[in-house]
**Q** 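To start, I am sharing the structure in question, which I have written as structure tokens.
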Amino acid sequence: MTGLTGFLTLTRREILRFLRRPRNTFVPPLVTNVLYFSVFGVVLGGRVGKMEFSGVTVDYIVFILPGLVVLGAISNAFENSSFSIFHGRWNRYIEEALTSPMSYSRMVAAYIVSGATRGLLVGILIAVVGAFFTPVGVARPLYLVAFALVITLLFSSIGVVGGLWADDWDNLTMMNQFIVRPLVFFGGVFYTVESLKSEVVRTLTLLNPMVYMVNGVRYGFLGAAEVDPNVSLAVLSGLTVAVMALDAYLFRRGYGLMD
């Protein structure tokens with residue numbers, strides 16, 4: 001019971017931390033995605049016209065919406081957990097959690113759940129913004145929920161690793177801006193895999209895990225995907241469990257936590 005109370009308390013603290021600063025948490029993705037939808041969806045979308053994939057034809061703005069939801073959700077999930085861990089290390093208040101009777105697995109779970117919560121909220125916000133630009137439906141709600149949970153939990157878990165590894169604030173910015181975001185942009189957000197003419201480029205694209213995340217969420221919204229959603233969900237779920245186990249192991253070893 002003590003461990004559960006500690007888990008709930010730490011989770012609540014981390015969630016309240018970003019809820020109390022909406023200007024930092026929700027306003028930036030709101031403004032950024034209004035620009036994305038305006039430029040890529042309305043201006044360029046009018047020139048691109050329709051997108052056809054897996055036997056489905058949709059407007060370009062509808063096609064890019066799932067990818068933008070993924071970009072916002074995973075970026076914020078990663079940022080929240082990595083910042084929480086690193087900020088706690090930097091200001092040495094993470095020691096309060098480490099010395100509590102809470103188990104390392106529950107401690108890690110609190111950081112992961114709070115990060116995933118932020119990612120989900122931002123993802124929902126982006127979908128709502130998109131709805132102001134184009135009608136949005138949900139063809140496969142169970143798949144959409146499943147993929148949303150898995151990808152936010154995965155990147156929140158990766159954020160824990162990042163927060164433990166980072167030596168300074170620049171490391172956190174570098175990981176988000178130069179690793180996470182480029183993978184998303186080359187993960188089929190703005191184009192279909194089928195449209196790639198080069199077999200080599202297509203093969204390299206399919207090695208990008210973001211392709212499966214974007215296609216999974218796209219399947220939830222539109223009911224069509226270029227990659228089997230069941231395979232994608234199984235692989236991503238396995239990867240999420242593996243990274244969570246790594247987080248707990250690193251905490252037990254004291255990696256990045258002990259001077």
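Since this is a predicted model, take the numbers as computed values, not measurements.
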**Q** Report yes if some heavy atom in the side chain of F186 is under 4.5 Å from a heavy atom in the side chain of Y191; otherwise report no.
**A**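 Yes, at least one pair of side-chain atoms sits under 4.5 Å.
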**Q** Going only through I, L, V, M, F, W and Y residues with side-chain contacts under 4.5 Å, is there a path from V235 to V217?
**A**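 No, no single cluster joins them.
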**Q** Taking atom CZ of F26 as the centre, does the number of heavy atoms from other residues, nucleotides or ligands within less than 6.0 Å exceed 12?
**A**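 Yes - once you tally the heavy atoms of other residues, nucleotides and ligands closer than 6.0 Å, there are more than 12.
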**Q** Going by heavy atoms in the side chains, are I126 and Y36 under 4.5 Å from each other?
**A**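 They are not in contact (no side-chain heavy atoms under 4.5 Å apart), so the answer is no.
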**Q** For the rings on F63 and F53, is their centre-to-centre separation under 6.0 Å?
**A**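 Centroid distance F63-F53: below 6.0 Å, so yes.
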**Q** Please answer whether the main-chain N or O of E79 pairs with a side-chain N or O of S82 as donor and acceptor at a distance below 3.5 Å.
**A**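 Yes.
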**Q** Could you tell me if T25 and R118 have a donor-acceptor pair between their side chains, going purely by distance under 3.5 Å?
**A**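 Distance-only check fails for R118 and T25.
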**Q** Tell me whether Y60 contacts the main-chain N or O of F190 through its side chain, where contact means a donor paired with an acceptor under 3.5 Å.
**A**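 Looks like yes, one N/O pair under 3.5 Å.
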**Q** Please check: side-chain N/O of D59 versus main-chain N/O of I61, any donor-acceptor pairing under 3.5 Å?
**A**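 Absent.
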**Q** Is there a side-chain contact between F7 and S103 in this structure, where contact means two heavy atoms from C-beta onward sitting under 4.5 Å apart?
**A**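 Side chain of F7 against side chain of S103, heavy atoms only: no contact under 4.5 Å found.
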**Q** Compare all side-chain heavy atoms of L154 with those of M213 and state whether any distance is below 4.5 angstrom.
**A**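 The answer is yes, as the side chains (C-beta and beyond) meet within the 4.5 Å cut-off.
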**Q** Would a 4.5 Å heavy-atom cut-off, applied to side chains only, mark V34 and F133 as touching?
**A**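 They are in contact (side-chain heavy atoms under 4.5 Å apart), so the answer is yes.
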**Q** Check whether the side chains of N80 and Y111 place a donor and an acceptor atom closer than 3.5 Å, and report yes or no.
**A**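 Their side chains do not contain a donor-acceptor pair, so the 3.5 Å distance test is not met.
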**Q** Rounded to the nearest 0.5 Å, what separation is found between the CG atom of N215 and the OH atom of Y219?
**A**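 Atom-to-atom, N215:CG and Y219:OH are 11.5 Å apart.
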**Q** So, S81 side chain and S156 main chain: donor-acceptor pair closer than 3.5 Å or not?
**A**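 It does hold such a pair.
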**Q** Are there more than 12 heavy atoms of other residues, nucleotides or ligands under 6.0 Å from atom CZ of R21?
**A**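 Count not over threshold, so no.
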**Q** Look at the side chain of R89 and the backbone N and O of G163, then say whether any donor-acceptor pair between them is shorter than 3.5 Å.
**A**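 The answer is yes, because a donor-acceptor pair under 3.5 Å joins these two groups.
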**Q** Has Y212 got a side-chain atom pairing as donor or acceptor with L206's backbone, closer than 3.5 angstrom?
**A**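 Yes, the answer is positive, given that a donor and an acceptor are paired below the 3.5 Å cut-off.
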